[in-house]
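One is the number of the first residue; the rest follow in order along the sequence.
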Amino acid sequence: MKELLKKLRKYEIQIRKAINSQMQGDFHSIFKGSGLEFDDVRTYQYGDDIRTIDWNVSAKGHGTFVKTFKEEKEQTIFFILDVSGSQEIGDTGKQKVDIGKEICGVLALSAAKEGSQVGMVCYSDKKERYVRPAKGPKHAYEIIHNLVNLKPESAKTDLSKAILFTLNTLKRRSVMIFISDFIDEDYFHNLKGMARKHDVVAIRITDKRETGLPKLGIVPVFDKESKKTVWVNTSFGNFRSQVKQNYEENEKELTLFAKRHQINFVSIDTNEDYVPKLLKLFKVRNKSLKSV
């Protein structure tokens, strides 16, 4: 716990310094999406984000108008962390679930310092841990404590149920930071519904083992979610290329979906430094939110 906290504080300071110096903006702006509420309308100006156009008002024929927003006094940052069996891939201490927990922890610290309410749900195919949104660094440490001590009861995945739980729990518009490998089916409909109601940030965690299979002949492969072992011929025909192609198609589909529904999306591998990737993500958010 002490080593993890030391690491997270170091990353949190590194991210904060970079944002303040490189983006000419304060750290608060990266979480600003949830803290906006409708204020008024004004005439469209060159450079305005077309997503803010109020089509109902503009349809009256007096010109094109955009919605303006003001910042709410309180905002909520809510983490949805996938802790299913498919997250247990990677080197010891650097599995997908470990990286997910670290990202969740460092951003919880950052959000708490900015005065945001911070909450979390860890999900497999059931609710494994839920921390109600609250304020303050002490609460962020409670979230980290829960992450460190979490031992999921189920290894299965159900992203759709995780989204539904969150939608039913948080009624007020919030920043939803969804951390998963997004390897599941039939969850796009619910994710689309979440994106309509909330400001969604999707962080995909990957590991090269999932696509870079070596030619080992016939080997046993253990599925952690189904708890079953199947024998696979890794040297047969186009097996390895097919696995890689399926994975790349999944990422392409998710990337296009995120773009279509205004979801901030980033993919992070377990063996890379995730801080630069988070900074790039925040830079995109910072620019898009300034245009609102």
Side-chain angles (χ1 to χ4, degrees), residues 14-78 103 107 110-111 113-117 163 167 170-178 182 188-204 251-268 274-292:
Q14 186 179 340
I15 290 171
R16 184 181 293 275
K17 283 182 177 178
I19 286 174
N20 288 338
S21 61
Q22 296 174 20
M23 300 182 198
Q24 291 81 47
D26 63 331
F27 200 92
H28 183 68
S29 61
I30 68 169
F31 296 121
K32 192 178 178 183
S34 68
L36 299 179
E37 61 179 351
F38 176 74
D39 181 35
D40 202 350
V41 293
R42 63 167 172 76
T43 306
Y44 175 84
Q45 298 174 2
Y46 178 77
D48 285 338
D49 190 334
I50 60 172
R51 291 175 295 178
T52 63
I53 293 176
D54 189 322
W55 296 106
N56 290 328
V57 176
S58 301
K60 294 178 180 179
H62 301 295
T64 303
F65 292 85
V66 294
K67 298 175 184 177
T68 60
F69 301 85
K70 63 181 180 181
E71 191 170 352
E72 294 177 356
K73 292 180 180 178
E74 289 187 350
Q75 56 186 343
T76 300
I77 314 299
F78 194 81
I103 292 173
L107 295 183
S110 303
K113 284 188 178 179
E114 294 304 322
S116 299
Q117 291 197 87
I163 296 167
L167 286 172
L170 271 73
K171 302 299 183 182
R172 179 179 155 196
R173 183 171 171 83
S174 307
V175 173
M176 301 292 191
I177 301 181
F178 202 164
F182 294 98
F188 273 7
H189 177 73
N190 287 345
L191 186 57
K192 180 180 177 180
M194 178 180 281
R196 282 178 177 172
K197 186 176 180 182
H198 299 280
D199 178 10
V200 181
V201 178
I203 301 177
R204 188 186 194 216
E251 180 162 13
K252 184 179 179 181
E253 184 182 19
L254 185 58
T255 302
L256 290 173
F257 179 87
K259 192 174 292 186
R260 194 178 302 123
H261 299 287
Q262 286 81 55
I263 295 173
N264 293 124
F265 174 74
V266 65
S267 187
I268 296 173
Y274 56 77
V275 172
K277 285 283 188 80
L278 292 179
L279 286 173
K280 187 176 180 180
L281 173 68
F282 295 154
K283 197 167 187 177
V284 171
R285 282 182 60 77
N286 195 282
K287 285 181 178 178
S288 64
L289 292 171
K290 278 183 178 179
S291 67
V292 176

Novice: Please identify each residue that fulfils side-chain hydrogen bond (donor to acceptor under 3.5 Å, both in side chains) with K277, with sequence neighbours left out.
Specialist: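 K277 satisfies side-chain hydrogen bond (donor to acceptor under 3.5 Å, both in side chains) with E272 once adjacent residues are dropped.
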Novice: Could you pull out all residues at least two apart from F182 that satisfy ring-ring contact (aromatic ring centres under 6.0 Å, His included)?
Specialist: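 Here the qualifying residues are F178.
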Novice: Check N190 against L167 and note the closest heavy-atom contact, atom names and distance.
Specialist: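 For N190 and L167, the tightest heavy-atom pair comes out as O-CD1, 4.2 Å.
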Novice: Working to the nearest 0.5 angstrom, can you tell me the gap between K197 NZ and K171 NZ?
Specialist: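 If we round to the nearest 0.5 Å, K197:NZ and K171:NZ are 5.0 Å apart.
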Novice: Using residues 251-263 as the side-chain source, report each donor-acceptor pair under 3.5 Å to any protein atom, sequence neighbours left out, with the distance given to one decimal.
Specialist:
from : atom 1 : to   : atom 2 : distance (Å)
E251 : OE1    : R204 : NH1    : 3.2
E251 : OE2    : S267 : OG     : 3.3
T255 : OG1    : E251 : O      : 2.8

Novice: Assess the residue pair L107 and I77 against the criterion (side-chain contact (heavy atoms from CB on, under 4.5 Å)); give the C-alpha distance rounded to whole Å, side-chain angles, the decisive distance to 0.1 Å, and a yes or no.
Specialist: CA-CA 9 Å; L107 295 183; I77 314 299; over 6 Å; no
Novice: Please examine the side chains of I177 and I103, heavy atoms only from C-beta on, and report whether any two atoms are closer than 4.5 Å.
Specialist: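 Not touching, per the 4.5 Å side-chain cut-off.
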Novice: I need the T76 OG1 to H198 NE2 distance, nearest 0.5 Å.
Specialist: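 One finds 9.5 Å between OG1 of T76 and NE2 of H198.
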Novice: Please report the closest heavy-atom contact between S174 and L170, naming both atoms and the distance.
Specialist: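 Taking every non-hydrogen atom into account, OG-CD2, 3.6 Å.
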Novice: Could you state the interatomic distance from CD1 (I50) to OH (Y44), rounded to the nearest 0.5 Å?
Specialist: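 Result: 7.5 Å between the selected atoms.
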Novice: Listed by chain and number, what are the side-chain hydrogen bond (donor to acceptor under 3.5 Å, both in side chains) partners of T43, not counting sequence neighbours?
Specialist: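 Scan of T43 (side-chain hydrogen bond (donor to acceptor under 3.5 Å, both in side chains), adjacent residues dropped) gives none.
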Novice: Between CG of L278 and CD1 of I203, what distance do you get to the nearest 0.5 Å?
Specialist: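 The CD1 atom of I203 is 5.5 Å from CG of L278, to the nearest 0.5 Å.
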Novice: Can you name the side chain to side chain contact (heavy atoms under 4.5 Å, CB included) partners of H189, sequence neighbours left out?
Specialist: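 Listed in chain order: nothing, the list is empty.
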Novice: When rounded to the nearest 0.5 angstrom, what distance separates CG in D48 from CZ in R42?
Specialist: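 Here the rounded value is 4.0 Å.
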Novice: For the atom pair CZ (F65) and CG (N56), what is the distance rounded to the nearest 0.5 Å?
Specialist: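 Here the rounded value is 13.0 Å.
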